[in-house]
Amino acid sequence: MIALHKTGFVYYLLASLYIGLLFSAYIIGDTVASQIDGWGWLFFLTSCLSHAALLVLVLYLVAFLPWALLRLRRLAATLFVVSVSVLGMLGFVNMQVYKIYRFHINGFILNMLIGPNPGDIFQFDGALLRQEGLLLAVIAAISVALWVAAGRLARHWGKKTCAWGTGTVALLLLTANSLHVYGAFVVKSSISSSTCPTD
């Protein structure tokens with residue numbers, strides 16, 4: 001039972017890093033990247049990582065912890081990995097939407113997708129759908145691989161290492177929020193222009 005909880009916590013840390021990197025990937029090759037200075041990059045990265053940590057924490061508390069406490073090991077692992085995979089897919093799709101429309105996934109985009117006659121707005125051929133399906137499958141495979149890696153790492157992680165992980169997440173949250181306040185106070189555009197997709 002202890003091993004399951006430790007694996008879940010290690011997976012939480014690995015998944016937070018993974019999702020945070022997916023959240024930040026939209027800025028690669030974008031013109032806004034050239035406008036960001038060192039403070040802006042620090043805020044952007046810590047913001048993406050801390051937002052990811054909070055979102056994955058919700059998944060941990062809802063999709064993993066209750067079932068782990070009930071000793072339903074397989075269900076807990078499956079729900080946690082699947083939920084992280086879905087979150088990763090959303091982060092990846094958001095990156096693609098931003099590259100095309102220059103804004104993140106929002107109610108407007110979702111309304112076009114689920115509204116009447118989405119085929120009149122979006123034109124997807126078979127090759128594109130296969131490519132997209134393959135990329136999303138890779139994201140899901142990485143999520144599964146991280147669970148396997150978490151299981152192996154958990155065997156060697158003690159209380160000090162887990163405390164270090166918790167402290168790192170707390171430091172990310174503190175840094176991101178402090179830089180956000182600083183950027184708003186001094187009206188620093190390099191910080192205000194470098195936002196996480198979930199802001």
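Once rounded to the nearest 0.5 Å, the distance linking SG of Cys48 with CZ of Phe43 reads 8.5 Å. If you take CG on Leu171 and OG1 on Thr46, they are separated by 9.0 Å, rounding to the nearest 0.5 Å. Between the OG atom in Ser50 and the CG atom in Leu57 there is a gap of 12.0 Å [rounded to 0.5 Å]. In this structure, CG in Leu65 is found 12.5 Å from CG in Leu79, a value given to the nearest 0.5 Å. Taken to the nearest 0.5 Å, the CZ atom of Arg130 stands 13.0 Å off from the CG atom of Leu135. Once rounded to the nearest 0.5 Å, the distance linking CD1 of Ile139 with CG of Leu134 reads 10.5 Å.
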Go through His5 and Leu69 one step at a time and tell me if the side chain to side chain contact (heavy atoms under 4.5 Å, CB included) criterion holds.
-> CA-CA 9 Å; His5 283 286; Leu69 292 174; 3.7 Å; yes
Applying side chain to side chain contact (heavy atoms under 4.5 Å, CB included), run through Leu87 and Val56 and close with a yes or a no.
-> CA-CA 8 Å; Leu87 183 59; Val56 179; 4.1 Å; yes
Stepwise side chain to side chain contact (heavy atoms under 4.5 Å, CB included) test for Glu132 and Phe92 = CA-CA 10 Å; Glu132 193 72 10; Phe92 178 74; 3.8 Å; yes
Evaluate the side chain to side chain contact (heavy atoms under 4.5 Å, CB included) criterion for residues Phe23 and Leu49: first the C-alpha distance (whole Å), next the side-chain angles of each, then the deciding distance (0.1 Å), finally the verdict.
-> CA-CA 8 Å; Phe23 281 172; Leu49 290 171; over 6 Å; no
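Looking only at distances, no side-chain donor or acceptor of Thr175 sits under 3.5 Å from a matching main-chain atom of Leu172. No donor-acceptor distance shorter than 3.5 angstrom exists from the side chain of Lys6 to the backbone of Arg155, with no hydrogens or angles considered.
Counting heavy atoms from C-beta on, the side chains of Leu54 and Leu173 come closer than 4.5 Å. Taking 4.5 Å as the limit, every side-chain heavy atom of Ile19 sits out of range of all side-chain heavy atoms of Leu55.
Aromatic ring orientation, Tyr60 versus Tyr12: tilted (interplanar angle from 30° to 60°). Using a 30° and 60° split on the angle between ring planes, Phe80 and Phe64 fall in the tilted class, from 30° to 60°.
Residue Leu14 is grouped with residue Leu61 when hydrophobic side chains (ILVMFWY) are merged at heavy-atom distances under 4.5 angstrom, including chains of intermediate members. Hydrophobic clustering of Ile, Leu, Val, Met, Phe, Trp and Tyr side chains at less than 4.5 Å, counting indirect connections, keeps Val62 apart from Val169. Under a hydrophobic clustering in which Ile, Leu, Val, Met, Phe, Trp and Tyr are joined whenever their side-chain heavy atoms come within less than 4.5 Å, directly or via other members, Phe9 and Val144 fall into the same cluster. In the hydrophobic clustering of ILVMFWY residues, with side-chain heavy atoms under 4.5 Å counting as a link, Val58 and Val81 come out apart. Both Met95 and Val138 belong to a common hydrophobic cluster when Ile, Leu, Val, Met, Phe, Trp and Tyr are linked at side-chain heavy-atom distances under 4.5 angstrom.
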